[in-house]
Amino acid sequence: MKEIKEMRAVTLMCDQLMEKVGCEFVALAMQNEVGPDVRWHYASGNLNDKYKRISVRFGKGIAGKIISSGSPMMMTDFPKGVIGKVTDHPIMLAEKLVSTYAVPLFFNAIPKGVLLIGNRKTTTFSEEDQQRVRETGQALEQILKAQIL
Amino acid sequence: MDVLNSKQQISSYIINSQEEEIKRIALELHEGVGQNLYSILTGLQFIEASEKEPEMKNYVREMSQLIEKTIQEIRLLSVELHPPTLTTLGLLPAMKSYIKLYTSTFGILVDLESSGKEKWISEKNRITVFRVCQEALANIAKYADTSNAKINFIWSESELIISIDDFGKGFQPDETDFNHPSSGLAAMKERMLLTGGQCHISSKIGEGTSIVLSLPLVSRE
């Protein structure tokens, strides 16, 4: 599989989403070609390179929950109201995120990726912003389908 | 003095009971649930290999992948709860193994060094020191805002000194109540006191935090 960060169409789409929504952070996690590991392959607006070393745990944190449930998820005021431990949300801690909205990316009807937007302040993402993320997610699925299948 | 000793004994009893329970759950997850899931995975792989219909083959493959992810998570959860290496190989190998998991969880690089000859530590003290190090590393992930940390093990005849340094934002020690019962820092100190050791925490804004643990070493006899 080609490195996602080297796929211009993908990185451009993520950057455009960040601009349209006006958020501070966008990241894309994908399941590795071999094995069940899910990693953050691309991030924009990042404070450091911790995301490159983070392996998303199945069912843990916002990305892990999305991969295991296949449903979008929003957090508006992290760590308030978090079920479980704060340390179950490494990307929030690593990037000092307070609010996020993330959607699953489906390949062969199975969730194998996550597109996440985030802010370092309390935010409730509007229905319009959520729709933008969902649309970008669907467009990314089409681009990445050839790489995954 | 007697009251203090009695309180310490109660704390020690509660902590030990919790650790025993955690160990039991970790073992049950690894040896029980994990093994059963592995049997299911083998069965699914057998079905996949013998299945001719492409759609069904694909479906079984996806099921296998889901089971594989669940096995991996059960294994990580079990190791996180109670690393088997802590009992079999000792404190240092358990820390090395935990640091790998820590880096892949939080993205923070930890440089671990050890000098001097590794000595025997009772299982109770091994667990205590391991938990204090885990707490210190969790605090780094939560508050330090750093990508690097350093752990040093210094073994001598009579004691083990462990220093945990981060190069993060630090905090003002005066404003942090180390002795507040609900504070993680107070719990670290309390745990170390129960081993007969000590825990010293220092921090400076902009320069990071340093935690020094000392554990008296006794011979196995």
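Order of the sequence lines fixes the chain letters, A, B, ..., with proteins taken first and strands second; residue numbering starts at 1 for each chain.
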Looking at chain A, which one of D145(B), L77(B), I108(B) has the largest number of heavy-atom pairs inside 4.5 Å, strictly under?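 Of the options given, most contacts go to D145(B).
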
Using a cut-off of 6.0 Å, state whether more than 12 heavy atoms not belonging to [X] lie near its atom [atom1].
X	atom1	value
F106(A)	CZ	yes
E51(B)	CD	yes
E128(A)	CD	no
E19(A)	CD	no
E6(A)	CD	yes
F167(B)	CZ	yes

Gap between atom CG of N139(B) and atom OG1 of T87(A) - 0.5 Å precision: 10.0 Å

Rounded at 0.5 Å granularity, tell me how far CD1 in I110(A) sits from CG in N58(B). 8.0 Å

What part of I71(B) gets within 4.5 angstrom of chain A, counting heavy atoms only: side chain, backbone, both, or neither?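 For I71(B), neither part sits under 4.5 Å from chain A.
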
Could you go through the side chain to side chain contact (heavy atoms under 4.5 Å, CB included) check for E73(B) and S68(A) one step at a time? CA-CA 12 Å; E73(B) 195 46 46; S68(A) 61; over 6 Å; no

Kindly give the heavy-atom pair with the smallest separation between [X] and [Y], and that separation in Å.
X	Y	answer
P90(A)	F106(B)	CB-CD2, 4.0 Å
G107(B)	I54(A)	N-CG1, 3.6 Å
K69(B)	F58(A)	CD-CD1, 3.6 Å

If we define contacts as heavy-atom pairs under 4.5 Å, which of K50(A), H89(A), R39(A) has the most with chain B?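 If we count pairs closer than 4.5 Å to chain B, K50(A) comes out on top.
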
K142(B) vs K85(A) side-chain heavy atoms within contact, under 4.5 Å: no

Using the side chain to side chain contact (heavy atoms under 4.5 Å, CB included) rule, take R57(A) and L101(B) through it: C-alpha gap first, then chi angles, then the decisive distance, then the call. CA-CA 11 Å; R57(A) 300 267 297 264; L101(B) 179 61; 4.1 Å; yes

Output, in order, the C-alpha distance, side-chain angles, deciding distance and verdict of salt bridge (charged side-chain N to carboxylate O under 4.0 Å, His left out) for E80(B) and K60(A). CA-CA 14 Å; E80(B) 215 172 37; K60(A) 281 202 174 182; 3.4 Å; yes

Tell me, side chain or backbone of I67(A) under 4.5 Å from chain B's heavy atoms, or both, or neither? side chain

